[in-house]
Amino acid sequence: MPSLVRALTVQRLLREDTTLRMLRMDSLPLLAGVLAEYLAAPNAKVPTQDLHEAVDAELDTLRTHLDLGERTAKAYCDDWRQAGLLLRRPASDARGETYELTPQARHGLRIIEELISPRATATESRLVSLTGALRQLTIATDPDIGSRLAALQAEREELDDRIRRVQSGEADVLDSRRALERVEDILTQAEDLPTDFARVRSRFEQLNHELRVNILTGDDLPGGVLDEVFRGVDLIESSDEGQTFAAFSRLVRDPEVSASFEADLRAILDRDFTRSLPTASRSTLRGLLRTLKDGSRTVQDSLAEFARGLRRYVLSLEYQRDRQLRLALQEALAAAVPAADSIQPYQRTGMDLQMTGMQWSSVGEIGLYDPSDYDAGPVLDDAPLALVDVETLRELARQTEIDFVELEDNVNTVLGGMPQSERSAGVSVATVLERFPATQGAASVVGLMSLAARHGTVDEDRTEPIQWDGDDGRTRRARVQHHAFTGRIR
Amino acid sequence: MYSDHELTSGPAAERGTGSGDPDTASPEQAAGDSLWSGDTGTLGEASRRALLDLLKGPYLSGRRRPQLWQALVADEGPIRSRLHDLFLELVIDHTEEFAFTRKVSTGELQVPAALRTEALTFLDTAMLLVLRQQLLMAAGEQRVIAGQTDVFGQLSVYSQGDESTWAKRLNSSWTKMHNKFNVLHKVEEGRAEISPVLKIMVDHEQARSFTELYRGLADSDARPDPEPEPESGHPDDTTTEGTP
């Protein structure tokens, strides 16, 4: 491929390919972190609410580490769904909906997984299976009977040779390092399966939807879809994907094949060398057949359901009514456009809709009025009014507020009793306190200092000792920064 | 009104003909089995529950209530007859497994309406059509869930007035679809399942009559509102939850 063509193709993919878009998303760390945790398992489905809650919980933790905005889990999930990474379906057994990963998202997660823990592919194991597969393919496709026979003969001789060596006691057991390598190889292949299943299933869904819409709109009926469905040809099953999948599924469901598969898996898990495998790999291996069967059944079921539904839909002639209805609905919606100009949206049209249920109410539903439910206890009396003089009120106020009026007067009095020359040097808080001891304890000191900070000067390099009496009559001392008043306040 | 023995229920086993536990009463239970002393009903217990469920509405779902559905299918004849006694007819969709009641339509007789009807505003009619269309285009899906944003988007061609007023109108109709008309069932915020009953509520004929209504509106610029004041007394923005 010339580099221009390739470059243009990649440029197009950057725009259109879902997996690539996923890998370039700002929210990728969150996306990969959370979705791998909750949805990566084969055939995994999570109720939308649960995923929202899980993502919200993760967001709380992740916000401290990543640069995430104030968006909610729901907003993120909506984005991912629109980007084609999440699939929302009605849950089959509950009222809500579930999320699952699209094949593209699975693919993206696999790539990330690969980056996190790269796997060596240039292994001996890979080479052995490659040469083996190549050899099998050569034999199977050789049109010349003579050379095919020769190849098979050679294969048998090699087998005979191995049998002789084993009989003569020559150790032929694969050493555990190489055996592990092969297991890893098998696991890598197995990991592709969920992605494949998801892709097959979504392809079927797409096909089903296309067929339905085709039948309904009738705009584009290639080669008479209806005729074919009538003839019992199962269009979905006979599509390329359908046939490939059917072969796979037959093999998985073949009792002989699956029994020997299962036996081999058990035998391998009993071998010493698999002990050193991580638990996750062991359980993947153990559940391999289950995964294959479940995945294939899910696909098979949806396939059967689509096919059945489609056939029934066509045979029942329901589609004819639906086509007419579709036209009628379109017509009505179009007619509503000019009508919208001559009626307000909230105005009644004079048409009624008949409800399908009765409005029930029985005497038993009526709750009796029980006055005691609303009894709030005895009425609270007004307390008798007492006469309070201004001094008492002032005293109350002084307990909660700094008496600035008093402090300002004090400062002004001290300043006023001084010659102009001394005044310019400033009168410190300590000097004021000497003339007028603090009447509100520490509150007076704070008040003086804040007044000085606002109206006077603060010398950060000097401190001075001050003292005042607390409520308990004891004297307190402190060193504070030198705050001074240089002029009258107010 | 009630005789004493109707209110005091005796032990059920006394009269049962051996079909056992009333909780698992099968539709095959011989008709005429009385469930309590003085019971003159003729339906089995499950069938009676099915009948009650139909009357309560909005519909009886076979998927959600398989036992009642079985009873309904087995006792369809008698249940239909009970409903006829109330001038109601039974509508069953066997493939989609739901059933509901509606007023019998007969040219021969003026029948009283046991079920209530709700007046439709212009926006209600358009929203019903859009929902019906979504239901149709999702043919083959077991449950169809609509997104509020999609529906509002489709209705934007009819938009009038400033944006916030229009949004209020839309919200009000959306709420009515839930609470009054019972054709939407909330799934989560902004997502709702479209009731299968809408399939039969808005059929070809109904769609045609909407078209005629709209054409009439477009032709005569006069407003055919039977109540010319625009519902100013009770603005329909308020949720009508629970009000009959």
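In this text the structure is predicted, and so the values were computed from the model without any measurement. Residue numbers start from 1 in every chain, and the chains themselves are labelled A, B, ... in the order their sequence lines are given, proteins ahead of strands.
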Interchain contact, A:R89 with chain B, by part (heavy-atom threshold 4.5 Å):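 Neither part, no heavy atoms under 4.5 Å.
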
If you compare all heavy atoms of [X] against all heavy atoms of [Y], which two are closest, and at what distance to 0.1 Å?
| X | Y | result |
| --- | --- | --- |
| B:A207 | A:L329 | CB-CD2, 4.2 Å |
| A:A332 | B:L129 | CB-CD1, 3.7 Å |
| B:V187 | A:G96 | CG1-CA, 3.7 Å |
| A:A335 | B:Y214 | O-CB, 3.5 Å |

Would you call [X] and [Y] a side-chain contact if the rule is heavy atoms closer than 4.5 Å?
| X | Y | answer |
| --- | --- | --- |
| A:L333 | B:Y158 | yes |
| A:Q347 | B:T121 | no |
| A:Q330 | B:Q133 | yes |
| A:R348 | B:L120 | no |
| B:R169 | A:Y346 | yes |
| B:M137 | A:L216 | yes |
| B:R132 | A:L325 | yes |
| B:L213 | A:M351 | yes |

From CA spacing to verdict: side chain to side chain donor-acceptor pair (under 3.5 Å), B:E188, A:T48: CA-CA 9 Å; B:E188 61 181 79; A:T48 48; 2.8 Å; yes

Derivation and outcome, salt bridge (Lys or Arg N to Asp or Glu O under 4.0 Å), residues A:E331 and B:R208: CA-CA 8 Å; A:E331 208 179 343; B:R208 299 276 329 149; 3.2 Å; yes

Could you look at [X] and say if it's the side chain, the backbone, both or neither that has a heavy atom under 4.5 Å from chain A?
| X | value |
| --- | --- |
| B:T101 | both |
| B:D53 | neither |
| B:L170 | neither |
| B:T165 | neither |
| B:E205 | neither |
| B:R63 | neither |

How long is the straight-line distance from [atom2] of [Y] back to [atom1] of [X], given to the nearest 0.5 Å?
| X | Y | atom1 | atom2 | answer |
| --- | --- | --- | --- | --- |
| B:D203 | A:R321 | CG | CZ | 10.5 Å |
| A:T349 | B:L217 | OG1 | CG | 8.0 Å |
| A:T356 | B:K103 | OG1 | NZ | 15.0 Å |

Whether over 12 other heavy atoms sit under 6.0 Å from A:Y369 OH: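 Atom OH in A:Y369 is packed in, count exceeds 12.
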
CG (A:D26) with more than 12 external heavy atoms under 6.0 Å: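 Open.
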
Verdict with supporting geometry, B:L128 and A:L353, side chain to side chain contact (heavy atoms under 4.5 Å, CB included): CA-CA 10 Å; B:L128 279 174; A:L353 190 67; 3.9 Å; yes

Greatest number of heavy atom pairs closer than 4.5 Å to chain A - which of B:R143, B:H204, B:E189: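 Of the candidates given, the most pairs with chain A belong to B:R143.
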
Chain A contacts, top residue of B:E193, B:R102, B:R191 (heavy-atom pairs, under 4.5 Å):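 Looking at each of B:E193, B:R102, B:R191 in turn, B:R191 comes out on top.
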
Stepwise side chain to side chain contact (heavy atoms under 4.5 Å, CB included) check, B:F181 with A:M355: CA-CA 7 Å; B:F181 303 143; A:M355 300 295 102; 3.7 Å; yes

